[in-house]
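This report concerns only the one structure given below.
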Protein chains: 2
Amino acid sequence: MFASWAYADGMSDGSPTPIRERTRRLAQIELTTVAQDLFLEHGYEETTVDQIAAAAGMSKRTFFRYFPSKDDLVIGKYDLFGDRMADALDARPADEPVWESLRRVFDITLDYVQDSQARARNDAMDRIVQSTPQLTARYLEKLQRVQALLIGRVAARLGSSASASDPRPAAIVGAAFACMQAARASWLSSDQSEPFGEYLDRAMGALDVDVDSERRDALGGGQ
Amino acid sequence: MFASWAYADGMSDGSPTPIRERTRRLAQIELTTVAQDLFLEHGYEETTVDQIAAAAGMSKRTFFRYFPSKDDLVIGKYDLFGDRMADALDARPADEPVWESLRRVFDITLDYVQDSQARARNDAMDRIVQSTPQLTARYLEKLQRVQALLIGRVAARLGSSASASDPRPAAIVGAAFACMQAARASWLSSDQSEPFGEYLDRAMGALDVDVDSERRDALGGGQ
DNA sequence: GCCCTAAATGACACCGGGTGCCATGTTCGC
DNA sequence: GCGAACATGGCACCCGGTGTCATTTAGGGC
């Protein structure tokens with residue numbers, strides 16, 4: 001889940017992407033590839049940064065110029081999703097029920113790389129994250145940050161009274177992410193014959209948002 | 001939240017609590033007290049284990065014989081809550097709607113120490129956890145483990161079809177915890193004039209469990 | 001192609017969390 | 001008072017991560 005090493009090269013501005021920047025990306029990709037191989041073979045904790053750096057033909061010090069930490073080599077990719085999800089949420093119609101909007105926002109985690117090899121690699125890394133407490137912890141914390149980006153937007157939709165003191169936006173967003181995680185866990189431990197989206201539907205279908213201003217929207221009426 | 005250094009001394013078995021064990025607890029308490037003072041004054045990351053150990057009159061090596069890690073000194077207490085919550089859930093009537101049961105389970109996080117001094121101390125530590133990414137990460141991971149204990153029980157209540165592949169129990173439990181966290185965050189950043197329970201009600205009230213076998217229970221009928 | 005400069009690198013020393021090991025107390029039970 | 005178990009401290013060491021500096025490499029203007 002949450003793959004997309006797509007490192008969009010075609011930026012929006014006209015700048016033709018500096019050469020140095022491109023080689024930097026190249027080095028990062030090389031590093032992650034090499035590291036993933038090592039992780040899959042020996043495990044995450046058993047693989048030292050020195051080994052990764054050596055395998056990629058550089059020194060430990062240089063490794064840390066490409067990644068702020070060993071964890072980020074695995075988990076860094078999730079950073080990109082915060083903004084994407086925020087954009088995706090903004091793109092949903094304002095009168096759509098929040099729960100439905102959130103479900104749609106999660107769709108962007110689905111339509112990424114179709115290359116089955118890259119996909120398998122990604123799933124393998126996800127399993128490593130799930131089975132390594134340290135990585136799980138950092139992953140959860142990153143997810144929390146992503147959620148933070150969405151909470152304000154949800155609050156705006158609810159037209160919450162006193163925004164800061166109303167726990168409901170955070171509760172709703174948190175619940176949605178909990179559903180996503182539950183779906184993710186179930187799916188990862190399945191044979192993956194069913195598409196992930198179905199797991200997500202099942203998980204999110206088990207819950208309902210129940211907020212006054214929400215019902216009105218759902219019924220297409222009100223005020 | 002989640003205080004209770006209550007370290008129940010009166011265990012169920014007849015053993016009068018070995019002397020060594022008691023002094024060990026004492027040392028742990030002393031250590032946490034001293035450490036909390038240092039954390040509150042200088043911050044968590046700025047305080048080194050050496051300093052804590054020295055302030056408690058022992059060596060760093062000995063510190064690690066009392067706590068598996070620096071983090072655990074702050075976060076360790078949450079471990080106790082897994083079992084407590086599991087017990088609390090088991091104690092709820094089997095035909096009670098799951099969401100309601102979970103709400104009641106969270107009550108055990110309320111009726112802990114009434115001592116306002118200890119309470120203030122605890123809240124302060126909670127704020128430290130919330131403002132230190134590293135601790136937040138580990139906290140979230142611990143919560144995840146607590147959730148794992150409850151998921152099986154919720155699955156049993158739902159009489160889920162294929163337990164392992166059904167994401168709904170995890171989704172429901174995860175959502176409930178998301179509500180708790182949302183309430184916790186709102187409450188901690190409030191002036192605390194309103195009781196925490198109200199925040200919790202508001203957060204959990206924003207969501208509804210919608211599972212077939214659930215509706216039946218809620219209506220007191222069915223099958 | 002040349003040269004100047006900026007960036008990339010490597011080596012090294014260092015910090016802090018954490019562990020294995022062993023020698024030296026300290027305390028319990030008898 | 002004695003032996004065994006336990007607690008402690010000290011030390012060397014591992015690993016992740018950072019600051020510093022000298023050296024190399026590569027880019028861009030000419």
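Letters A, B, ... are given to chains in the order of the sequence lines, protein chains preceding strands, and every chain is numbered from 1.
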What about B/Lys60: does its side chain form a donor-acceptor pair under 3.5 Å with the base of C/dG18?
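Yes.
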Practice prompt. Would you state whether a donor and an acceptor, one from the side chain of B/Lys70 and one from the base of C/dG18, lie under 3.5 Å apart?
Written response: no
Return the value, rounded to whole Å, for the distance between atom [atom1] of [X] and atom [atom2] of [N].
{"X": "A/His42", "N": "D/dC15", "atom1": "NE2", "atom2": "P", "result": "14 Å"}
{"X": "B/Asp50", "N": "C/dG16", "atom1": "CG", "atom2": "C1'", "result": "8 Å"}
{"X": "A/Phe64", "N": "C/dT9", "atom1": "CZ", "atom2": "P", "result": "15 Å"}
{"X": "A/Arg22", "N": "D/dA26", "atom1": "CZ", "atom2": "P", "result": "16 Å"}
{"X": "A/Leu31", "N": "C/dT9", "atom1": "CG", "atom2": "P", "result": "10 Å"}
{"X": "B/Met58", "N": "C/dG25", "atom1": "CE", "atom2": "P", "result": "19 Å"}
{"X": "A/Asp71", "N": "D/dC15", "atom1": "CG", "atom2": "P", "result": "16 Å"}
{"X": "A/Arg65", "N": "D/dT18", "atom1": "CZ", "atom2": "P", "result": "12 Å"}

(message) Regarding B/Thr23, tell me which of base, sugar-phosphate or nothing describes its non-hydrogen contacts under 4.0 Å with the strands shown.
(response)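 Nothing, no heavy atom under 4.0 Å.
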Is the terminal nitrogen or CZ of A/Arg84 (NZ for Lys, CZ for Arg) located under 6.0 angstrom from the six-membered ring centre of A/Phe81 and within 45° of that ring's axis? yes
Worksheet item: So, A/Asp71 versus A/Tyr44: side-chain donor-acceptor pair below 3.5 Å or not?
Response: yes
| With no hydrogens and no angle check, do the side chains of A/Gln130 and A/Arg184 hold a donor and an acceptor under 3.5 Å apart? | yes
**Study point:** Non-hydrogen atoms of A/Ser69 and A/Phe64 that approach each other most closely
**Key:**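 Looks like CA-CE2, 4.1 Å.
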OG (B/Ser193) and CD (B/Glu198) are apart, to the nearest 0.5 Å, by 9.5 Å
Just to confirm, is there a sub-4.0 Å distance from OP1 or OP2 of [N] to any side-chain nitrogen or oxygen of [X]?
{"X": "A/Thr48", "N": "D/dG16", "result": "yes"}
{"X": "A/Thr62", "N": "C/dG10", "result": "yes"}
{"X": "A/Tyr66", "N": "C/dT9", "result": "yes"}

Item to complete: Look at the side chain of A/Arg61 and decide which nucleotide, out of D/dG16, D/dT18, C/dG18, has an atom nearest to it.
Response: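 So the nucleotide nearest the side chain must be D/dT18.
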